[in-house]
There are 2 protein chains.
Amino acid sequence: MNTNLLSYIKRYINLTEQEITVLSEHVKIRTYLKGQYIVQQGEVCKYESFVISGCAKTFFIDTEGNEHVVMFAIENWWTADLGSFITQEPADYNVQCLEKTTVAQFSHESLELLYAQIPQLERFFRIIIQKAYVASQKRIVRNFSLTAKERYLNFRKQYRDIEQRVPQYLIASYLGITKQFLSKIRAELI
Amino acid sequence: MNTNLLSYIKRYINLTEQEITVLSEHVKIRTYLKGQYIVQQGEVCKYESFVISGCAKTFFIDTEGNEHVVMFAIENWWTADLGSFITQEPADYNVQCLEKTTVAQFSHESLELLYAQIPQLERFFRIIIQKAYVASQKRIVRNFSLTAKERYLNFRKQYRDIEQRVPQYLIASYLGITKQFLSKIRAELI
DNA sequence: AAAGGATGTTCACATAGATTAACAAAAAGC
DNA sequence: GCTTTTTGTTAATCTATGTGAACATCCTTT
């Protein structure tokens with residue numbers, strides 16, 4: 001059983017040795033190379049993935065063929081197309097690795113089995129999702145009430161570790177602006 | 001025990017008669033008049049509220065004093081400042097009734113007690129929040145990839161029942177545009 | 001070291017949507 | 001029924017951000 005994942009789970013719930021064993025039997029560790037896809041738009045999202053090491057972006061291609069970055073995931077973050085995972089219908093998003101990335105994966109069937117065998121996991125995932133939901137709402141609010149420059153500064157403050165690792169044009173996409181405009185903002189800040 | 005709430009919960013989990021009794025002991029039914037606040041920015045959000053009848057808006061006032069509508073809630077929707085409810089810290093948002101509104105409320109303490117006594121509720125709220133999270137992510141995506149007109153059309157299609165009940169300028173605020181620009185879009189559509 | 005691709009910058013011009021202000025229409029109060 | 005308040009519209013002007021194209025850097029790979 002991966003220690004990163006285990007200590008992450010233990011922040012929220014307590015598990016017995018036996019439960020940990022059950023859990024570990026249903027988690028699959030997998031490593032993807034830079035550029036590989038964990039989830040592909042149009043295919044069913046098979047796993048919820050916990051990032052052990054590396055970095056991935058979630059994005060989609062709109063009707064005009066433009067790429068939009070929805071989120072990034074680094075160590076100790078979860079990534080998936082949750083809508084697709086829940087309903088087992090085709091994904092709206094892609095998840096692609098920006099570096100060599102190792103993840104711990106839960107399949108849909110495994111997770112349902114685990115919920116039945118370790119009811120505490122319902123609590124664990126409820127808490128995780130609650131936090132993600134709150135963060136998501138805050139992002140909506142920021143997008144409406146802040147300028148591009150303010151959003152960029154906020155991003156830098158909140159995700160400095162991500163900012164160091166991913167190219168500017170992906171950050172621009174995440175912020176909902178063009179790379180040229182981000183470049184202009186960065187120039188102004190010096 | 002309110003029938004709306006009960007049948008809503010039964011869509012996701014099965015409860016015994018005894019569990020329903022426990023549940024009903026911890027739910028408070030309350031009616032607010034038009035204009036009253038269920039949650040106030042700056043105060044701790046005491047309840048998660050399930051709307052039985054009526055309509056409410058969630059909004060916040062930014063540093064320039066402008067109001068931004070974050071979401072609406074009508075029959076069978078939940079409303080709260082979830083971030084504040086979870087952490088029991090001051091709320092970022094207001095929830096104000098747009099009509100006379102009756103809600104079923106769960107306090108933080110009640111809910112923790114209920115989770116302990118009816119573990120299935122963890123599952124129920126996990127599922128609810130997962131759906132809310134997915135919807136929230138989709139909204140972020142729409143805000144980035146669609147024009148104001150497209151967002152308005154999408155809103156009309158998805159929330160026709162809300163569109164009928166709330167003034168245009170609140171819809172404009174929800175969409176992140178001015179009421180004047182929404183008016184222009186509406187004129188174009190005829 | 002040269003060549004090629006990925007990434008970042010600058011600038012001129014275009015546009016979606018904001019702002020201000022005036023007015024129209026509908027709803028609520030008296 | 002008339003007045004006041006709330007809600008919705010129109011139009012002129014302004015601004016934040018997008019678009020396209022050219023160029024500059026910086027990694028890779030050979």
Side-chain angles (χ1 to χ4, degrees), chain A residues 33-36 55-57 59 61-69 72 96-100 139-156 162-190, chain B residues 33-36 55-57 59 61-69 72 96-100 139-156 162-190:
Chain A
L33 299 178
K34 179 173 175 173
Q36 284 192 304
C55 180
K57 66 174 176 183
F59 69 100
I61 308 291
D62 69 18
T63 43
E64 270 114 56
N66 303 310
E67 174 175 330
H68 298 269
V69 174
F72 298 105
Q96 187 185 20
C97 299
L98 300 172
E99 308 171 359
K100 183 177 169 188
R139 189 167 164 211
I140 290 174
V141 159
R142 278 198 303 270
N143 289 165
F144 280 149
S145 59
L146 302 182
T147 65
K149 190 184 207 163
E150 291 167 327
R151 272 180 278 147
Y152 175 57
L153 289 171
N154 177 78
F155 177 82
R156 283 218 324 205
I162 292 179
E163 205 218 345
Q164 314 288 343
R165 284 163 80 166
V166 311
Q168 296 294 330
Y169 70 91
L170 291 180
I171 294 173
S173 176
Y174 175 85
L175 294 173
I177 59 178
T178 58
K179 59 190 176 166
Q180 292 92 327
F181 193 56
L182 177 56
S183 185
K184 196 174 170 184
I185 288 170
R186 285 161 53 78
E188 274 173 32
L189 288 173
I190 309 165
Chain B
L33 299 178
K34 180 174 176 174
Q36 284 193 303
C55 179
K57 66 174 175 183
F59 69 100
I61 308 291
D62 70 18
T63 44
E64 270 115 55
N66 303 310
E67 173 176 331
H68 298 269
V69 173
F72 298 105
Q96 186 184 20
C97 299
L98 299 172
E99 308 170 2
K100 183 177 169 188
R139 190 167 164 212
I140 289 174
V141 159
R142 278 198 302 270
N143 289 166
F144 279 148
S145 59
L146 302 182
T147 65
K149 189 185 206 161
E150 291 167 327
R151 273 180 277 145
Y152 175 58
L153 289 171
N154 177 78
F155 177 82
R156 283 218 324 206
I162 292 180
E163 205 219 346
Q164 314 288 342
R165 284 163 79 165
V166 310
Q168 298 294 330
Y169 69 91
L170 291 181
I171 293 172
S173 176
Y174 175 86
L175 295 172
I177 58 178
T178 59
K179 59 190 175 165
Q180 291 91 332
F181 192 57
L182 177 55
S183 186
K184 196 174 170 185
I185 288 170
R186 284 161 53 78
E188 274 174 32
L189 289 173
I190 309 165

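Letters go in sequence order (proteins before strands), and every chain restarts at 1. Reckoned from all heavy atoms, side chains included, excluding hydrogens, waters and symmetry mates.
In this structure, Arg151(A) atom CZ and dA16(D) atom P are separated by 13 Å, rounded to whole Å. Distance OH (Tyr169(B)) to P (dA25(C)): 20 Å, rounded to an integer number of Å. Between the NZ atom of Lys179(B) and the P atom of dA22(C) there is a distance of 14 Å, given to the nearest Å. Note: CD (Glu150(A)) to C1' (dT17(D)) measures 14 Å, nearest angstrom. To the nearest angstrom, C1' of dT17(D) lies 13 Å from CZ of Phe144(B). For the pair His68(B) NE2 and dA18(C) P, the interatomic distance rounds to 11 Å; values are reported in whole Å. When rounded to the nearest whole Å, the span between CD of Glu67(B) and P of dT6(D) equals 13 Å. Per the geometry, CD1 belonging to Ile171(B) stands 11 Å off P belonging to dT9(D), to the nearest Å.
Closest non-hydrogen pair, Leu33(B) versus Cys97(B), comes out as O-CB, 3.7 Å. Contact detail for Gly35(B) and Gln96(B): the closest heavy-atom pair is O-NE2, 2.9 Å. Nearest approach of Val69(B) to Phe59(B), heavy atoms of both residues: CA-CB, 3.9 Å.
Residue Lys184(A) is classed as a base contact, given a heavy-atom separation below 4.0 Å to a base. If you check every strand for non-hydrogen atoms under 4.0 Å, Phe181(B) touches a base.
Distances shown here put a side-chain N or O of Thr178(B) below 4.0 Å from the OP1 or OP2 atom of dA18(C). Between Arg186(B) and dT10(D) there is no side-chain polar atom (N or O) within less than 4.0 angstrom of OP1 or OP2.
With dG18(D), dT9(D), dT19(C) as the candidates, the nucleotide lying closest to the side chain of Ser183(B) is dT9(D). For Pro167(B), whose side chain is taken as the heavy atoms from C-beta onward, the closest listed nucleotide among dT7(D), dT10(C), dA18(C) is dT7(D). Of the candidate nucleotides dG8(D), dG20(D), dA11(D), dA11(D) has the atom lying nearest to any side-chain atom of Gln180(B).
Between Ile171(A) and the choices Arg186(A), Arg156(A), Glu163(A), Lys179(A), the side chain to side chain contact (heavy atoms under 4.5 Å, CB included) rule is met once, by Glu163(A).
Judged by distance alone, the side chain of Ser145(A) and the main-chain N or O of Asp62(B) form no donor-acceptor pair under 3.5 Å.
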